[in-house]
J.: 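Have a look at the structure that comes next, please.
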Amino acid sequence: MKNTLVFVLLLLCLSRTTAQTLRDAIQASHEGKYYKAEAGFKTLLSKDKNNIDVLVASGFNYAWNKEYRSAKERFKHVLKLQPGNADAAKGMAYVYLYEGSYIKAATAFQGLVNANPSSPEFRMALALAYMNLQKKGKAMNEF
């Protein structure tokens with residue numbers, strides 16, 4: 001009984017540590033401390049290389065740090081593990097927009113708008129992609 005209790009307490013501590021590490025890494029990313037954030041994400045991925053939440057957060061961290069290739073790798077990995085994952089699809093669409101792949105961005109955001117027609121975020125991003133493609137009429141329709 002005593003060993004079981006110790007084991008359960010250890011698991012609870014590990015889970016809390018994992019959650020705290022993820023929160024800390026996300027906070028660092030939001031503060032622009034991208035390398036510190038990625039260190040936290042890599043620590044978590046060393047324990048579970050297929051953790052969807054960590055992969056998505058890491059993908060956005062890479063994107064915000066303009067490391068688009070690495071961001072796309074993270075999002076593609078998530079989409080392979082979980083086809084249709086909305087967060088990874090959103091991340092991939094934003095990476096296309098950030099890197100200037102406006103046709104791919106427009107296609108990706110159109111898919112997100114189709115799946116979420118009332119989302120102002122996706123409509124705005126689609127409009128930005130259209131503006132960059134010099135398709136002002138289509139952009140105005142999205143605004």
J.: More than 12 heavy atoms of other residues, nucleotides or ligands under 6.0 Å from NZ of Lys104: is that the case?
T.: no

J.: Measuring from atom CD1 of Ile26 to atom OG of Ser58, what distance do you get when rounded to the nearest 0.5 angstrom?
T.: 10.5 Å

J.: Quick one: pull up CE in Met124 and CE in Met131 and give me the separation to the nearest 0.5 Å.
T.: 11.0 Å

J.: Classify the ring geometry between Phe109 and Phe122 as parallel (under 30°), tilted (30 to 60°) or perpendicular (over 60°).
T.: tilted

J.: I'd like to check Arg123 versus Ser118 (side-chain heavy atoms, cut-off strictly below 4.5 Å). Are they in contact?
T.: no

J.: Glu67: what forms a salt bridge (Lys or Arg N to Asp or Glu O under 4.0 Å) with it, not counting sequence neighbours?
T.: none

J.: Count the heavy atoms of every other residue, nucleotide or ligand shown that sit under 6.0 Å from CG of Leu81, and state whether that count exceeds 12.
T.: yes

J.: Which heavy atom in Leu79 sits nearest to a heavy atom in Gly84, and how many Å separate them?
T.: CD2-N, 4.0 Å

J.: Output the distance between atom CG (Leu44) and atom NZ (Lys42), rounded to the nearest 0.5 Å.
T.: 12.5 Å

J.: Testing the basics here: between Ala105 and Leu97, what is the closest heavy-atom pair and its distance to 0.1 Å?
T.: CB-N, 3.6 Å

J.: Taking all non-hydrogen atoms of both residues, which atom of Ala37 and which atom of Ala25 are closest, and how far apart?
T.: CB-O, 3.2 Å

J.: Tell me which pairs pass ring pair (Phe, Tyr, Trp, His ring centres under 6.0 Å) where either residue lies in residues 46-73, with sequence neighbours left out.
T.: His30-Trp64, Phe60-Trp64, Phe60-Phe75

J.: Show your working on side chain to side chain contact (heavy atoms under 4.5 Å, CB included) between Thr107 and Tyr96 and close with a plain yes or no.
T.: CA-CA 10 Å; Thr107 300; Tyr96 292 142; over 6 Å; no

J.: Walk me through whether Glu38 and Tyr34 qualify under side chain to side chain contact (heavy atoms under 4.5 Å, CB included).
T.: CA-CA 6 Å; Glu38 199 53 41; Tyr34 305 118; over 6 Å; no

J.: By salt bridge (Lys or Arg N to Asp or Glu O under 4.0 Å), which residues pair with Lys33, not counting sequence neighbours?
T.: Glu31

J.: Is there side-chain contact between Leu55 and Gln82, with at least one heavy-atom pair below 4.5 Å?
T.: no

J.: To check you understand the geometry: which heavy-atom pair defines the closest contact between Leu112 and Ala86, and what is its length?
T.: CD2-O, 4.4 Å

J.: So how far is it from Leu128 CG to Leu133 CG, rounded to the nearest 0.5 Å?
T.: 11.0 Å

J.: For Glu73, check side chain to side chain contact (heavy atoms under 4.5 Å, CB included) against everything at least two apart and list the hits.
T.: Arg69

J.: Should Val95 and Arg74 be marked as a side chain to side chain contact (heavy atoms under 4.5 Å, CB included) after you check the CA-CA gap, both sets of side-chain angles, and the distance that decides it?
T.: CA-CA 11 Å; Val95 168; Arg74 292 287 197 233; over 6 Å; no

J.: Mind checking what makes side chain to side chain contact (heavy atoms under 4.5 Å, CB included) contact with Gln134, not counting sequence neighbours?
T.: Lys136

J.: Can a donor-acceptor pair be found between the side chains of Glu99 and Ser101 at a distance below 3.5 Å?
T.: yes

J.: Enumerate the residue pairs fulfilling side-chain hydrogen bond (donor to acceptor under 3.5 Å, both in side chains) with a member in residues 48-57, sequence neighbours excluded, ordered by first and then second residue.
T.: Asn50-His77

